[in-house]
Colleague: 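Input: one structure, supplied below.
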Amino acid sequence: MQLTLLYFARLRDQLGQDQETLTFTGHSVAELLELLRQRGAAWADALAVEQPFRVAVNHSVVHGPHPLADGDEVAIFPPVTGG
């Protein structure tokens, strides 16, 4: 399946890109995150389980077991703070 991945804020800076199109053979957000972590140290550090970030699929915040489908837009971003 083809996914559009979007990276925002700190993650965009750490990963050196703001978006990409990815051919993905897995099924869930958790599998996608594991695949991305395998790209190298910067990816593993930025997307480590203990790091604060959220994932949205087609503009809805989801969690690891959420299934993915062809054409999904997956946004990965740090939590938003305000004041």
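Worth knowing before you read on, the calculation uses all heavy atoms, side chains too, and leaves out hydrogens, waters and symmetry mates.
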Colleague: Is it true that Glu20 and Arg39 make a salt bridge, defined as a side-chain N closer than 4.0 Å to a carboxylate O?
Modeller: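 Salt bridge: yes.
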Colleague: Using only atom types and a distance under 3.5 Å, with no angle test, would you say the side chain of Glu34 pairs donor to acceptor with the backbone of Ala30?
Modeller: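 Checked: no pair found.
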Colleague: Can you tell if the side chain of Ile76 reaches within under 4.5 Å of the side chain of Leu33, non-hydrogen atoms only?
Modeller: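 Yes, at least one pair of side-chain atoms sits under 4.5 Å.
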Colleague: Can you tell me how far CG of Leu6 sits from CD of Glu73, rounded to the nearest 0.5 angstrom?
Modeller: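 Glu73 atom CD to Leu6 atom CG measures 4.5 Å (nearest 0.5 Å).
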Colleague: For a 4.5 angstrom cut-off between non-hydrogen side-chain atoms, does Val55 reach Val61?
Modeller: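 They are not in side-chain contact.
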Colleague: So, the side chain of Asp72 versus the backbone of Leu3: is there a donor-acceptor pair under 3.5 Å, distance only?
Modeller: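 Side chain of Asp72 to backbone of Leu3, a donor-acceptor pair under 3.5 Å: no, none is there.
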Colleague: State, yes or no, whether a side-chain contact exists between Leu68 and Phe24 at a heavy-atom distance under 4.5 Å.
Modeller: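 The answer is yes, as the side chains (C-beta and beyond) meet within the 4.5 Å cut-off.
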Colleague: Determine whether His63 and Val29 make a side-chain contact, defined as any pair of heavy atoms from C-beta on separated by less than 4.5 Å.
Modeller: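 His63 vs Val29: side chains apart.
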Colleague: Side-chain heavy atoms nearer than 4.5 Å, only ILVMFWY residues, links allowed to pass through others: does that put Leu35 and Val62 together?
Modeller: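 Same cluster: Leu35 reaches Val62 through Ile, Leu, Val, Met, Phe, Trp or Tyr contacts under 4.5 Å.
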Colleague: Taking the side chain as C-beta and beyond, is there a heavy-atom pair between Pro52 and Pro79 under 4.5 Å?
Modeller: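 Side-chain contact under 4.5 Å: yes.
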Colleague: Measure the CZ-OH distance between Phe77 and Tyr7 for me, rounded to the nearest 0.5 Å.
Modeller: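 Answer rounded to 0.5 Å: 14.0 Å.
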Colleague: Can you tell me how far CG of Leu32 sits from CG of Leu47, rounded to the nearest 0.5 angstrom?
Modeller: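 One finds 9.0 Å between CG of Leu47 and CG of Leu32.
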